[in-house]
Amino acid sequence: MPEKLSETAIRARAFWSGTITFGLVSIPVNLFPASRSQGISLRMVAEDGTPLARRYMCPKHEKQIGWAEIVRGYEIEPDEFVVVTDDELEGLEPRKSRDIDLRRFVPIDQLDPRFFERGYYLTPGSESTKAYMLLAATMAEQGRAGIATFVMREKEYLIAIISDHGILRAETMRFADEIRTVEDVGLPEKPRLDSADVAKMEAAIKRHAAAKLAPKELEDRYADRLLALVKKKERKNEDVVDAPVDEEDSDEAGTDIIDLMEVLRASLGKSGTGPRKAAKTRSRKTA
């Protein structure tokens, strides 16, 4: 049986920690990414295997530009820029806060999936989970999601908070002007459909229908083939190059992979009650 994680260990592994606030309600939470990048990435290297570094070049003077010579500019016309200084950008940054400002509760069926960008889990950030479980159960019972904002790494994010089987999820959202409409795409007008053609299409869909989505349908087949090729060439010692890598130029190391369900059990299952059971119990009490 895995050892229960302490509150300190959970916070140490959390991506971000803060407090959901609305009205007089304050609920401490920890933020965990709901997904991780598992794709196979290829780095640009020289023929001897030395990783290549990115440099900025000035095409006009044909010389390399250092960081001290670089400024940022907004292009208002072709080749015409308004320069913005670092101090000015810092003045525009949102106020640093550890609050998730929950502004509205809206019907969950009004959330268009096109607005969703990246998913996170919100776990209880304190030993007491009563308020967390009560919020999750009540939101699920009412079929509502919370619209909130919070600041992380000097950037303000718009998020939707959703109750999912007793667990709160946070989906970062795109802003309204980032979403393309049907008119933007320019789709043709709907033609009149023949009943015989509709029947044929229904039959074709039925032949390929499944009762549920199988995990194998979500596998990255290209990544599997690429990894198999790399392992094959490694076994044969074919095209394998070995060059020293400067740690300062290497990509930032990712966080350790965690057992998220163990974190949730440690946060919610103080007496062995799982998320599903706790949510149902709380929902009945709320009703």
Side-chain angles (χ1 to χ4, degrees), residues 31-42 75 78 102-122 135-149 155-232 257 260-261 264 274-277 279-280 283 287:
L31 189 72
F32 292 87
S35 62
R36 59 174 178 263
S37 177
Q38 292 288 89
I40 307 300
S41 60
L42 300 175
E75 190 171 17
L102 206 166
R103 301 178 178 180
R104 292 286 186 274
F105 289 97
V106 300
I108 194 169
D109 57 6
Q110 290 189 2
L111 295 181
D112 191 329
R114 292 179 301 167
F115 283 92
F116 293 162
E117 192 167 21
R118 188 171 184 182
Y120 295 88
Y121 287 112
L122 290 167
L135 176 62
T138 307
M139 288 175 60
E141 183 178 344
Q142 295 185 359
R144 291 186 176 272
I147 303 299
T149 57
K155 181 180 179 181
E156 185 175 60
Y157 291 87
L158 178 67
I159 60 172
I161 299 177
I162 301 169
S163 177
D164 186 0
H165 296 94
I167 302 299
L168 293 178
R169 293 191 291 107
E171 298 279 349
T172 56
M173 301 182 68
R174 298 178 175 90
F175 295 102
D177 59 356
E178 297 180 277
I179 302 300
R180 287 177 174 166
T181 64
V182 175
E183 291 74 17
D184 294 333
V185 179
L187 293 177
E189 295 184 2
K190 295 181 180 179
R192 180 175 296 179
L193 302 177
D194 182 82
S195 59
D197 292 335
V198 172
K200 290 180 181 179
M201 183 61 68
E202 290 176 346
I205 292 176
K206 188 175 181 179
R207 287 194 297 269
H208 293 80
K212 61 180 181 179
L213 180 63
K216 66 177 182 180
E217 300 292 342
L218 304 178
E219 294 177 352
D220 188 344
R221 299 176 183 177
Y222 172 78
D224 292 341
R225 293 194 297 269
L226 177 57
L227 186 58
L229 173 63
V230 171
K231 290 183 176 180
K232 177 181 178 181
I257 296 175
L260 186 55
M261 289 309 300
L264 296 176
R276 292 175 181 267
K277 183 178 180 182
K280 292 179 181 179
S283 182

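Just so you know, these numbers come straight off a predicted model, no measurement behind them.
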> Determine, step by step, whether Leu111 and Phe116 satisfy the side chain to side chain contact (heavy atoms under 4.5 Å, CB included) criterion, reporting the C-alpha distance in whole Å, the side-chain angles of both residues, the deciding distance to 0.1 Å, and the verdict.
CA-CA 9 Å; Leu111 295 181; Phe116 293 162; 4.0 Å; yes
> More than 12 heavy atoms of other residues, nucleotides or ligands under 6.0 Å from CZ of Arg174: is that the case?
yes
> Taking the side chain as everything from C-beta on, heavy atoms only, tell me whether Leu122 gets closer than 4.5 Å to Leu31.
yes
> Could you give the distance from CZ (Phe115) to CG (Leu158), rounded to the nearest 0.5 Å?
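Reported value, rounded in 0.5 Å steps: 9.5 Å.
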> Should Ile162 and Leu168 be marked as a side chain to side chain contact (heavy atoms under 4.5 Å, CB included) after you check the CA-CA gap, both sets of side-chain angles, and the distance that decides it?
CA-CA 6 Å; Ile162 301 169; Leu168 293 178; over 6 Å; no
> Step by step, would you call Ile161 with Met139 a side chain to side chain contact (heavy atoms under 4.5 Å, CB included)?
CA-CA 9 Å; Ile161 299 177; Met139 288 175 60; 4.3 Å; yes
> Met173 and Ala160: which non-hydrogen atoms are nearest, and at how many Å?
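Looking at all heavy atoms of both residues, the closest pair is SD-CB, 3.6 Å.
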> Give the minimum heavy-atom separation between Ala136 and Gly166, together with the two atoms involved.
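Looking at all heavy atoms of both residues, the closest pair is CB-O, 3.8 Å.
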> Looking at Arg114 and Arg180, would you say the former's side chain and the latter's main chain have a donor-acceptor pair under 3.5 Å?
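Yes: the side chain of Arg114 pairs with the backbone of Arg180.
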> So, for Ala148 and Leu102, which heavy atoms are closest and what is the spacing to 0.1 Å?
CB-CA, 3.6 Å
> Drop me the distance from Ser35's OG to Tyr120's OH, to the nearest 0.5 angstrom.
8.0 Å
> Treating Thr172 as the side-chain partner and Arg118 as the backbone partner, does any N or O pair qualify as donor plus acceptor under 3.5 Å?
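Confirmed, Thr172 side chain pairs with Arg118 backbone.
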> With distance as the sole test, does Glu178 use its side chain to make a donor-acceptor pair with the main-chain N or O of Phe175 at under 3.5 Å?
yes
> If you measure from CD1 on Ile108 to CD on Gln110, what distance do you get to the nearest 0.5 Å?
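Interatomic distance, Ile108 CD1 to Gln110 CD, rounded to 0.5 Å: 11.0 Å.
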> Closest heavy-atom contact between Phe105 and Gly146?
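Minimum heavy-atom contact is CD2-CA, 4.1 Å.
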